[in-house]
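The structure displayed is predicted, hence computed values, not measured ones. Just so you know, these numbers use all the heavy atoms, side chains as well, and skip hydrogens, waters and symmetry mates. Start at 1 with the first residue, then count along the sequence.
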Amino acid sequence: MQTWMEGYESDVEYTTGYYREQEPNFLSLCAATHGIQTLDLDKPFTYLELGCGYGMTSLVMAANYPHAQFIAVDFNPTHIAQAQSLASEAGLTNITFLEKSFAQLNTEPHSIPDCDFIALHGIFTWVSDENRQHIVDICERHLKAGGIVYNSYNAKPGWSMAEPIQKLLYATSKQFSGSSLERFDQSVKLIQQLQTVKPRFFATNEAVIQKRLEGLVAKDRHYLVHEYLHEGWRAFYFTEIANWLRQAKLEFIGGAVPTDALIRTQLTPATDKLLAQIHDNDTRELYLDIIKNTVFRRDIFSRGVIGRLDQNARVRWFNESQWMLAKPARFDDEAFNFKPALNKDLYRSLIDHLAAGVCSFSTLANGKNRRDTVNALLQLYQANMITPYYANTAHSVMRFNQAMIKRNQPLIALPHSRSSLRLKTFDAQFYINAIKLNTQDATKIAQAVFQELESKQMTITHKGETLSGIAMKNHLANLATKWHSDILPILKQGGAI
Ligand SMILES: C[S@@+](CC[C@H](N)C(=O)[O-])C[C@H]1O[C@@H](n2cnc3c(N)ncnc32)[C@H](O)[C@@H]1O
């Protein structure tokens, strides 16, 4: 391990991911459900991401919020070099990538401005205590009054029983040499061998341990190295996090989960009665984590609050909201197995309305119980089936989206939902050709993709069969028809085309 890694195992690059919990509008809506007003996101704001990896989330956000400034920081030079190159190819001028450690940000405070948002996803558990302190100091120094911090981390008690697996993996990996991937593989083998001697600890916690061990072979190894092999790895009780962040005058607002507030109002009477006896907010949160056996937390903290939303203000927000589908509406009723459960006809009706196009809340709620409609919308949003629609954003993201697809990152920006959509390979090619040919005609688009594949002497593998010639042409025509009916409406409503 090189010294700049500061105990963070980083000789393999991280996987690329998009985390919508970091979106300003997502955080703002979640805060509103907790009764907290955040700043007006149609006006300029400044957003800092700490430990951005390849910067996918910040890149998409910069494309969706051209009036905001984004600063994304990571100490891994490969992550930053690739993110910078993508930003410049996409023509983004409102994002700066800094190849710096958290410690450096504190010794060079002029390298970052004061911020309205500071977000860290997948960081706090995985770094050392020293770096946790650096993060808190950055928040202390650079978060504006009324600003928001988003922080996610592995939580207790959910991790309590599986924590020894991390300890074993990390300690075992130290006795091997080679890359972290090689050391990880060798450590997994030893732990599998440990399993054969039937350790009592494994037997006592069989279900949890078994699930973790299966994950060690099933998941992406790059992700696993970043998940497990860090010296400072720690799962936290909520109260510990609250204590860390209090140093930066940060107060807990609620979960970055649209249904979090709803779940809190739908506890059983016995749970309500129990929690009513706990007077300290942080301790109540601890009780809730024990009740829910929380494994991972996504928290919103704020440094003072801009304003509190009473019931009327929340009603107003929903009355003014508009909604669209976030993905094709091919859901069977099983997909609506939410908790707390509402009538499935309600979810179905909302989805059917939205399948016909963008809808205002008043249209969706017409003839329905208002509170149930709000709750159902939040549940569908949480499940990423629908998303709020922000009509007042009319800039083009096509150059950005083309750059993403060219890099084999078919994660595109949707400015009208201020979110993203991950496209399947051919859907991305159909989209690119729709832009290139300035047409939405599925036949013409399929033909263009077919010609491109033929000119490169490429074939398609479908259900184990290699398709070429007329079979490939017909297959592409079918896929393009499906793209036209399922994906194109979302691209149009989302403002990507
Ligand atoms: C688990 S990854 C999460 C990346 C990204 N936020 C995501 O969720 O996809 C942690 C990232 O933090 C970066 N990192 C770890 N320690 C750091 C430090 N001390 N200073 C700056 N970046 C750091 C790593 O290089 C890595 O990209």
Among residues two or more places apart or on two chains, list those pairs meeting salt bridge (charged side-chain N to carboxylate O under 4.0 Å, His left out) that have a residue in residues 316-329.
none
According to the salt bridge (charged side-chain N to carboxylate O under 4.0 Å, His left out) rule, which pairs have a member within residues 252-278, sequence neighbours left out?
Asp260-Arg264, Arg264-Glu285
Pairs touching residues 139-153 that satisfy side-chain hydrogen bond (donor to acceptor under 3.5 Å, both in side chains), sequence neighbours left out:
Asn106-Arg141, Asp116-Lys144, His121-Tyr150, His121-Ser152, Tyr153-Arg297, Tyr153-Asp299
Could you list the residues that satisfy side-chain contact (heavy atoms from CB on, under 4.5 Å) with Arg20, not counting sequence neighbours?
Tyr18, Glu23, Phe26, Tyr381, Gln382, Asn384
Salt bridge (charged side-chain N to carboxylate O under 4.0 Å, His left out) partners of Glu251, counting only residues at least two apart
none
Using the side chain to side chain contact (heavy atoms under 4.5 Å, CB included) rule, pick out the option among Asp352, Leu342, Asn337 that qualifies with Tyr347.
Leu342
Could you name each residue pair satisfying salt bridge (charged side-chain N to carboxylate O under 4.0 Å, His left out) that touches residues 366-376, not counting sequence neighbours?
none
For Trp244, the side-chain hydrogen bond (donor to acceptor under 3.5 Å, both in side chains) test, sequence neighbours excluded, returns none
One thing to verify: whether Glu240 and Arg234 come together as a salt bridge, which I'm taking to mean a side-chain N less than 4.0 angstrom from a carboxylate O.
yes
Please list all pairs meeting salt bridge (charged side-chain N to carboxylate O under 4.0 Å, His left out) that have one or both residues in residues 60-70, counting only residues at least two apart or in different chains.
none
List in chain and number order the residues that pass salt bridge (charged side-chain N to carboxylate O under 4.0 Å, His left out) with Glu206, two or more places apart in sequence or in another chain; answer none if no residue qualifies.
none
Listed by chain and number, what are the salt bridge (charged side-chain N to carboxylate O under 4.0 Å, His left out) partners of Asp74, not counting sequence neighbours?
none
Partner residues of Arg308 under the salt bridge (charged side-chain N to carboxylate O under 4.0 Å, His left out) criterion, sequence neighbours left out:
none
Please list, chain by chain and in numerical order, all residues satisfying side-chain contact (heavy atoms from CB on, under 4.5 Å) with Pro66, sequence neighbours excluded.
His395
